[in-house]
Protein chains: 4
Amino acid sequence: MKARSAKRSEKRRDQIVQAAVRLFSEQGYYQTTMEDIAKAADVSKGLIYLYFKDKNDVLFYTLRFVLDMYESDVAPALVGKHNPLAALRIALYGLCRLTNEHVQETVLAYRSSKDLSKRQRLEIKIRESKIGRVFRGCLEACIHERLMLPLNLDIMVYQYIMFCHTWALKNWAFRDKYAFDEYLAEGERILISAFLTPKGRKVFESQRALAAA
Amino acid sequence: MKARSAKRSEKRRDQIVQAAVRLFSEQGYYQTTMEDIAKAADVSKGLIYLYFKDKNDVLFYTLRFVLDMYESDVAPALVGKHNPLAALRIALYGLCRLTNEHVQETVLAYRSSKDLSKRQRLEIKIRESKIGRVFRGCLEACIHERLMLPLNLDIMVYQYIMFCHTWALKNWAFRDKYAFDEYLAEGERILISAFLTPKGRKVFESQRALAAA
Amino acid sequence: MKARSAKRSEKRRDQIVQAAVRLFSEQGYYQTTMEDIAKAADVSKGLIYLYFKDKNDVLFYTLRFVLDMYESDVAPALVGKHNPLAALRIALYGLCRLTNEHVQETVLAYRSSKDLSKRQRLEIKIRESKIGRVFRGCLEACIHERLMLPLNLDIMVYQYIMFCHTWALKNWAFRDKYAFDEYLAEGERILISAFLTPKGRKVFESQRALAAA
Amino acid sequence: MKARSAKRSEKRRDQIVQAAVRLFSEQGYYQTTMEDIAKAADVSKGLIYLYFKDKNDVLFYTLRFVLDMYESDVAPALVGKHNPLAALRIALYGLCRLTNEHVQETVLAYRSSKDLSKRQRLEIKIRESKIGRVFRGCLEACIHERLMLPLNLDIMVYQYIMFCHTWALKNWAFRDKYAFDEYLAEGERILISAFLTPKGRKVFESQRALAAA
DNA sequence: TATGAATGAGCCTTCATTCAT
DNA sequence: CATGAATGAAGGCTCATTCAT
């Protein structure tokens, strides 16, 4: 009984959040009315208020949904990858690919984070730093294994993340000139190759050869 | 007569835009009312409509103002610098410093660009690419003079810009851990040192020695 | 079967009405939602509609409940009191005491009577006049037995009732200055003593002496 | 300039309050929408919010208006009346007459006082007590001049006020049976005559004779 | 030019009521 | 009988924009 209602409840929340993700992404938070969301989610306006406190709460769960999606997509891909350099490349590729698939959602996060309450913003930041930790783990291992030169982890992590996000945030500057693959390849050069040790370079080359085969 | 009125007119516009910059930066575009702007600019609500078509138009000029500020601050600093490596460093420093001084305005640009009309957004992008061209010029020269390894200019330019903007966009992740100077120094390492040729490295070192003296 | 279900049914109604009495009294009719009532009565929202036509119907039964309470509490106390002066005093005391015990409910009746339909309001008035008839009976007997001077019954009856209700309606004006007993004592002076015949005065005095002993 | 705008402003407030008095009186506070008030006051919905904080604020000023009306009508009638007994009668007559002319407004005060904020309610009570002070002054003088027996002023004052209000609050119980004059005459008997000293009685009689002539 | 009173479309939110289970 | 998820009409309030002065 309870399980079923919890399931139904979860279904409803998802229904609404997914509609909100799309609408907020396309039109922005303030341009989207609760009516819009209700229509897109195929529920009544009043129903939304059974599952969310107010419009802002919908935004919060929408942003949380987007960030969770990122983390839950990138992190698992690394499981079992014992080679940290490979892991780093996979993480970079994963986040770049996701960003490419969700350009609008990525932009939404930058547009609307400030519209959350302090408490909500804090939680969003926590979610965001989870994805950062994925990169940090890879980087740390690379450096520890002397595959990469020592670097400031905090800052470098954001170099990786921002490189991916830039594809969304400045996509108008790249779309016409570069394919996604080219952009990504350049990223590897700038963010990985440039910082490899001789040992790292060897590993890196053998990986590329492997991938090419 | 006309000149005077044009001057007065310009003064009015500035008055309003500057108030808008502050308010939009602090509270966001949608949270700021025309009333707020009028009060902050010490003019009447109606007056704003003599100088701007509508609220969106105020946003447009506000963003334009912010971007112009960036360009007009960074570009002149390079005039006369014949050493492209020095110029690149100065540009990076300049944009970083500006971003640090205008965190909120920088964030505003990311929040509100999408709220412009297509035509307006296009012009904003043009302004934005001007600052890009500054970096591009430096980079090009560095590479041409074999101070830096060959790099994809389009992408690298945004690496520089985004590094600076990240200080604003993710300031909550850095503020507590790093001083602005440390962040900037790390930027030089990641974005310049890493890509220097042996010749470039020598020039770079001698510059640092000079600066230290 | 029917008896049992009728009993259960009655129990349900009471459950709901009692919750409504409390909530309406405390927060007012319009501030109280059906949800509130359901929760307070520990039943589901839908159930209320099995026993009441709509929210207004709940109000009607709530007010009826309050008035019935008044009548069923004051009237029985007079049974067997053959001395009409004593009865009058008991009635005054009884209504005053009840009002004191149910300040909010009394105020509710004044706040919300107008929110009933004409038909409902009429029935409420009928219930209200029952309590009036109690006083009228006492008064009539007092006058008939020459204990009190002849007075207009209709108006005098409301003098008694309103004196009691004033304790609730204007309680902020009295609470800090007078104890309930003092207020009541003054009422006896103003509404009974002042209108006694010499004969009535004698009876009155002997009663007070008796009560004091 | 300022004076004119202040005047205009005052006019607007009055316009709105008067519409609100009528509508709240007729339909009650919660049944009246801001739209209703706007229409009745022949202004736009938005305008109301330029002069009042919210709907509750309109109620506050509405009730204040009603109470001010009472006080400003009764009090001046007593100016120059050096005979306190005459003054008391005039006050009673005045408040009764006003109540008769504003039955709905009087009822409104009883219905809606609780819908105010604490602070607002306090001010309303202060206004209400002003009318009480008028009666208190008369009564005090009557007693001081030995025209009336000593009485509890606080309580007696409310006997006078409530007698008048009862005409409104319970008008359904009286309207069909008694004319306003009869009700008032009975009030004088119950609330004045009954408490006169022999000296007071003489003065009272001579006044009535005078009035009859 | 400059003002600010006035407008009214539109939005968020509430809540009485219904109905499938 | 009983539930509570779902509805949607309706209301309070905001604010960009206009216009008489």
Over how many whole Å does the gap from [X] atom [atom1] to [N] atom [atom2] extend?
X	N	atom1	atom2	result
A/K7	F/dA5	NZ	P	17 Å
B/I37	F/dT17	CD1	P	10 Å
C/I48	F/dC1	CD1	P	16 Å
D/L50	E/dG4	CG	P	13 Å
C/F52	F/dC1	CZ	P	14 Å

Can you list everything that forms a side-chain contact (heavy atoms from CB on, under 4.5 Å) with [X]? Sequence neighbours excluded, please.
X	result
A/R64	A/F60, A/Y61, A/D68, A/E123, A/I124, A/R127
A/S72	none
D/R12	D/Q15, D/V43, D/L47, D/Y51

**Q.** Letter per nucleotide, 5' to 3', of nucleotides 10-15 of chain F [B base touched, S only sugar-phosphate touched, - untouched; heavy atoms, 4.0 Å]
**A.** BSSBBS
Q | Approximate separation, where rounding is to 0.5 Å, of A/L67 CG and A/E105 CD | A |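 Interatomic distance, A/L67 CG to A/E105 CD, rounded to 0.5 Å: 11.5 Å.
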Q.
Please convert DNA chain E into dot-bracket. A pair counts if it is Watson-Crick or G-U wobble with both distances under 3.5 Å; crossing pairs go in [ ] and bases paired with another strand get |.
A. .||||||||||||||||||||
Any side-chain N or O of [X] below 4.0 angstrom from OP1/OP2 of [N]?
X	N	answer
D/R13	E/dA5	no
A/R8	F/dA6	yes
B/R12	E/dT1	no

Q. Looking for any heavy atom pair under 4.0 Å, which part of the strands does A/Y51 touch: base, sugar-phosphate only, or nothing?
A. sugar-phosphate
Can you give each donor-acceptor pair under 3.5 Å made by side-chain atoms of residues 106-118 of chain C, sequence neighbours left out, with the distance rounded to 0.1 Å?
residue: C/T106; atom: OG1; partner: C/Y70; partner atom: OH; Å: 2.4
residue: C/T106; atom: OG1; partner: C/H102; partner atom: O; Å: 2.8
residue: C/Y110; atom: OH; partner: C/H165; partner atom: ND1; Å: 2.7
residue: C/Y110; atom: OH; partner: D/K170; partner atom: NZ; Å: 3.3
residue: C/R111; atom: NH2; partner: D/D115; partner atom: OD1; Å: 2.6
residue: C/S113; atom: OG; partner: C/A109; partner atom: O; Å: 2.6
residue: C/D115; atom: OD1; partner: C/Y30; partner atom: OH; Å: 3.2
residue: C/D115; atom: OD1; partner: D/Q31; partner atom: NE2; Å: 3.4
residue: C/D115; atom: OD1; partner: D/R111; partner atom: NH2; Å: 2.6
residue: C/S117; atom: OG; partner: C/Q120; partner atom: N; Å: 3.2
residue: C/S117; atom: OG; partner: C/Q120; partner atom: OE1; Å: 3.3

